[in-house]
Structure formats: C-alpha cells, structure tokens
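So the structure is just underneath, and the comments pick up after that.
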There are 2 protein chains.
Amino acid sequence: MSEAPVLDLASLRRGCAFCSLQQLCLPAGINAQELQRLDEIVRRSRPVERGERLYRLGDPLTAVYVARDGAFKTISISEEGEEQVLGFHLPGELIGLDALGAGAHRCEAVALATSNVCEVPFNQLASVAAQLPSLQQQLLKVIGKSVDRDQDHLGMLVRRQAGERIALFLHGLSERYRNIGHSPTQFKLPMSREDIARYLGLALETVSRGFTRLQEDGVIEVVGRRIDIRDIAELDRLAHSAENDEPRRRGRA
Amino acid sequence: MSEAPVLDLASLRRGCAFCSLQQLCLPAGINAQELQRLDEIVRRSRPVERGERLYRLGDPLTAVYVARDGAFKTISISEEGEEQVLGFHLPGELIGLDALGAGAHRCEAVALATSNVCEVPFNQLASVAAQLPSLQQQLLKVIGKSVDRDQDHLGMLVRRQAGERIALFLHGLSERYRNIGHSPTQFKLPMSREDIARYLGLALETVSRGFTRLQEDGVIEVVGRRIDIRDIAELDRLAHSAENDEPRRRGRA
DNA sequence: CGCGACGTTGATCGGAATCAAGGAGTGTGG
DNA sequence: CCACACTCCTTGATTCCGATCAACGTCGCG
C-alpha cells in the first residue's frame, strides 16, 4: 500500500545493513549494492504482539518472514481442533516456507512473544534473487537450513524415550541460541510446557517431569522458563545414547 | 566423466520431454525451449541397484536426484550406528535437498529397488534457474513439496497412538501413488516393515500388528508387501480422529 | 532341499498417558 | 496492599499401550 520512497535515517538504521542477524539471514554473502536491492523490498511494520499470527491456514503465499527478536511457533490444526507444534522459530530463522509447495499456507505462525518482524514479499524476493546469483544462493541455503531444522525435529520425534527427546530438544535450542549470539547455556524458553509437549509428541506432564529429572541429575537448572545448562556434555550424551546407564541418582555425579 | 554431446534417438526419448513425470518434476510449467536447456544438464546413468546409495553422509552437495521409477529411502545414522528413516522417495520426488543448508549431505539415500535416476548437477541447475524464471519458480515449488512431505512425516510422528501413525502412513502413501498415476488403493510397498518402523518411530512388531489389525477391521487387505485399501474413508477417519470408537471386532464391518 | 531374510504372533514388562490435585507466578480491581 | 482469578507448572496414583523377548511361519533363492 504505502510504498514510501522516503529514506529517513531511522528506517535506514533498521535496515539489513545494521542488523545483527545479517550473517545468518538472507543478506549473508551479498555485497552492499545488492543489499540495497534486497533492503528495498523488505517491509518492517509494527511489532507483532504475543499471540498474534503472521498468517493463517489457507492464506495464500504472499511473503516470507524473519523475526529480528522475539520468537514464533508454527502450528497445524488437526480436524478435532487440537494443535500440533511443527516448529519454533528464533530470530533469523525463515518463517513461511510451508506455503512454497502448494502456494497456500498449511499451518499458522503465532508469536510467542512480542516480535519485530521483517516481511519479504515473495514474488519480489524471487525476482530479485533471479537477478542476484549470490542472493539466490543464499535463499537456497536459508531454505536448506530450515529443512535441516525439520530433520532435527524428526530426529527427536523418532526417539522412543521421552528423556532423549527432551535432551535433544534442549541441546538443539542451545545450539540455535549460540548461533544467534545468545548464551548457549542460559536462556529463557519462549514457549510453554504445553507447546514443548505438542512439539515433542509427549504429554505436558512428561515434559515437566523430564525437566525435573534433568535437574535432579545436575544436568540443568530450571526455574519456570529459565534454563541454565550446567553440564552440556552430559546433556549431549543423554541426547544421543540411551541414557539407561545410571539407574537413578540423587546428587551430582 | 563421459559428457557425450551426441544426441542419439534413444537418449532423446529418455529425456524430460518424454517422461511421464514431467508435470510433477522440475520441467512442470516450462516451455519446450527452456526444457531443452534443462534437459542438457540432466544426467541419466545406469540403473541404481537395490541397496546402492546415491550419496553418503558428509558427501559434498554435487547434485540433486529424481527417480524415474523404483524408490529410495533417506536415512540418518545415529552415534550408535542405528539408522533412522527420514523419508521415502517415490518417482518424481526430489532427493538430496538435505545438503542445501550445510553444503554437505547429512543423510544417505539408499535405493529400495532398482531405479532409474535423473541426476541434476546442482550448480548448473542453480545457474540455469537464475536465467529461466519459470524453472526457478518450479524449483522452489518442488522444494516446497519436499518440505510438505517432511511436515506430513512430522504429523505422523507427533501422534501418540501407533494405529494413527500407521493409518496416516498408508493414507499418505496412497495419495502419493495417486499423484504419480498409480492406483491409490493397490500397491506394493517398496520398503520392509523395519523401514516403516524406523520411519514411524515404532517397533517393527507394532507395525506388523497394526497392519494385521487394519486387515481384521476390513480397512485393508495385506499380503506381505502387497497392500489393497478396501475402505479408504475409514482409513482416513482412523488417520485423523482417535480410532477409539470400536472396542474390537472380529470379522468385517 | 535348506538356508537366510522377512514377517507374524504371543507373553511379559515398563514407561508414558491419563486422571487428579495442589502450588507458583501474574495481573486486575476493590 | 491484598484478595481473587487465571494461567502455567509440578507432583502423585493408576492404567494402558507399545517395547521387548521369544518362537514360529513364509517366501525367495542358491
């Protein structure tokens, strides 16, 4: 609608060139001139409030999105109206690729916290990408990373032990926080236990017990949504091997 | 290795223009001239035998693949050496996207049956796509469909009832066979019970029992790997709702 | 024919779902 | 400032589904 060609300082400063996520996001690997072409099509509107949706089931593909801060979940709604969590999206991670196949969204993207979002109109992105090989390359790479996250998610769900899934989940989150420059050992979960449960295919009580168990074993410290990973090596081990060695412990190892 | 510029009749006939999967694969929506550009970079080598691999864990991204017939599975190997099945690939479905993110394959693609495969060198594909907007568009769409299949897979794994997962699995396969012009109700599974189990996060015995149960309930007919879906509506219902209505039945409905 | 891979079926056991209750944190209004 | 309501999280008791162990059946092939 309002395509203001007026470049004031404030909006420039909010552009890709100043963004801390630059190296992870679409701009990675493209030069300053090219960056401007990209920047021109990116829309940065008011913050999205917790609970708001970027798009709904069935909406036509109009744009892809990247959060600059905050977090999102993507959910699909089953016939009976119960929701499955298909993914969590931290800053810098592309949102909206679920519409690439059919041209319409097959899930909904819900803000887990108030977030500033970059909206990239898809058609324009595609045509600019066709002209800038390095952007095309980066677009494919970013899509690929999204595929990788889906496969990591599969890797959790295919595990049969709840403890393994939970350990993998925390381990993966830790990695992702590290990537965006946050502490990999201390962070605040943006999602509820129920969201985690619906992401991991578990009952929420099981998630809660899993956290408690990890805390009892000295692997993490958890207070509500605050997580502090104390023994990342052990978390790693639990995530991968069977975790059945220690029958049960009270204190630390 | 052997880049024969000689276009004999046989190899032309094997090209995209003659392929029955044309409308589902990369050529969809592109015109005859453009098709030739694509065709020139596609390599069609000898059939891949059952058990052979298109690529292995860690291999650099050199190409993406599409089977013209036969079938593949993609697997990831856990630390302990046990394999997880990340996906099954029927004819026309792109294989090899797992390397887009990191530039190297994070899983292995194994032939489930002898298959004829089209190999599309990735760099050439990307550069041709940049020149042909309709190919770029189609490439993104095909990638999107692959993402959709991953999400369908997630949708199975997140279910907590084994019966639901199995019903969803058969239902999804049926759809995919329909798409490629096979009978959606009668087909031969290209994979073993163990593969299905590792795909669904179940024990192979549970898969076997699930099939038996569906047969007892008159939903399918199953003999070894031959499947005949008798009541697709019921299969659909089982896949989506809770399946807990009928406590137990002996004969047919 | 006999071997080996694959599939089915049965019996038992354990882990996670479910049901149920209570506690902790947050925000609102009296 | 506190009472209240609400959401979110934890913990406990019980039940049940699916993993596991084990044995047998079947098919394809040398």
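Chain A is the first sequence line, chain B the second, and so forth, proteins listed ahead of strands; every chain is numbered from 1. Just so you know, these numbers come straight off a predicted model, no measurement behind them.
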Partners passing side chain to side chain contact (heavy atoms under 4.5 Å, CB included) against [X] (at least two apart in sequence or in another chain):
X: A:Val48; answer: A:Glu52, A:Leu54, A:Phe72, A:Ala111, A:Val117
X: B:Arg226; answer: B:Lys188
X: A:Ser183; answer: A:Thr185, A:Gln186

In whole Å, what is the span from the [atom1] atom of [X] to the [atom2] atom of [N]?
X: A:Leu189; N: D:dC8; atom1: CG; atom2: P; result: 14 Å
X: B:Phe211; N: C:dT9; atom1: CZ; atom2: C1'; result: 16 Å
X: A:Arg226; N: D:dC9; atom1: CZ; atom2: P; result: 14 Å
X: B:Glu221; N: C:dT8; atom1: CD; atom2: P; result: 13 Å
X: B:Arg159; N: D:dC17; atom1: CZ; atom2: P; result: 17 Å
X: A:Arg225; N: D:dT7; atom1: CZ; atom2: P; result: 14 Å

- Task: Using a 4.5 Å cut-off on heavy atoms from C-beta on, say whether the side chain of A:Leu90 contacts that of A:Phe187.
- Result: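 A side-chain contact under 4.5 Å is absent here.
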
- Between the side chain of B:Ser174 and the main-chain N/O of B:Leu170, is any donor-acceptor distance below 3.5 Å? no

- Say whether, by atom type as modelled, one donor and one acceptor occur between the side chain of B:Glu234 and the main chain of B:Val219 under 3.5 angstrom. no

- Message: Under the rule for side-chain hydrogen bond (donor to acceptor under 3.5 Å, both in side chains), what residues qualify as partners of A:Glu205, not counting sequence neighbours?
- Response: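 Expected list: none.
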
- Task: Using the test side-chain hydrogen bond (donor to acceptor under 3.5 Å, both in side chains), find all partners of A:Asn116 that sit at least two apart in sequence or belong to another chain.
- Result: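 Once residues adjacent in sequence are excluded, the partners of A:Asn116 under the side-chain hydrogen bond (donor to acceptor under 3.5 Å, both in side chains) criterion are A:Asp69.
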
- Message: I need the full list of side-chain hydrogen bond (donor to acceptor under 3.5 Å, both in side chains) pairs touching residues 87-100 of chain B, with sequence neighbours left out, sorted by first then second residue.
- Response: B:Tyr55-B:Asp98, B:Thr74-B:His89, B:Glu93-B:Arg176, B:Asp98-B:His105

- Task: If a protein heavy atom is under 4.0 Å from the base, mark B; if only from the sugar-phosphate, S; if neither, -; do that for nucleotides 24-30 of chain D going 5' to 3'.
- Result: -------

- Item | Counterpart residues, ring pair (Phe, Tyr, Trp, His ring centres under 6.0 Å), relative to A:Tyr199 (two or more places apart) | A:Phe88, A:His153, A:Phe169

- Near-strand residues of residues 190-200 of chain A, defined as heavy-atom separation under 4.0 angstrom from DNA chain D: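 Output list: A:Ser192, A:Arg193.
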
Pick out the pairs of N or O atoms, protein on one side and nucleotides 17-24 of chain C on the other, that lie under 3.5 Å.
{"residue": "C:dA17", "atom": "OP1", "partner": "A:Ala203", "partner atom": "N", "Å": "3.2"}
{"residue": "C:dA17", "atom": "OP2", "partner": "A:Ala203", "partner atom": "N", "Å": "3.3"}
{"residue": "C:dA17", "atom": "OP2", "partner": "A:Thr206", "partner atom": "OG1", "Å": "2.0"}
{"residue": "C:dT18", "atom": "OP2", "partner": "B:Arg160", "partner atom": "NH1", "Å": "3.2"}
{"residue": "C:dT18", "atom": "O4", "partner": "A:Arg209", "partner atom": "NH2", "Å": "2.9"}
{"residue": "C:dC19", "atom": "N4", "partner": "A:Glu205", "partner atom": "OE2", "Å": "3.0"}

- Partners of A:Asp152 by salt bridge (charged side-chain N to carboxylate O under 4.0 Å, His left out), sequence neighbours excluded? B:Arg106

- Message: Tell me if the CZ atom of A:Arg50 is crowded by more than 12 foreign heavy atoms within 6.0 Å.
- Response: no

- Message: For the helix from C:dC1-D:dG30 to C:dG30-D:dC1, what angle separates the axis at the start from the axis at the finish, each from five pairs, in steps of 10°?
- Response: 30°

- Query: How many angstroms lie between atom CD1 of A:Ile166 and atom CG of A:Leu200, to the nearest 0.5 angstrom?
  - Reply: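 Nearest 0.5 Å value for the CD1-CG distance: 6.5 Å.
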
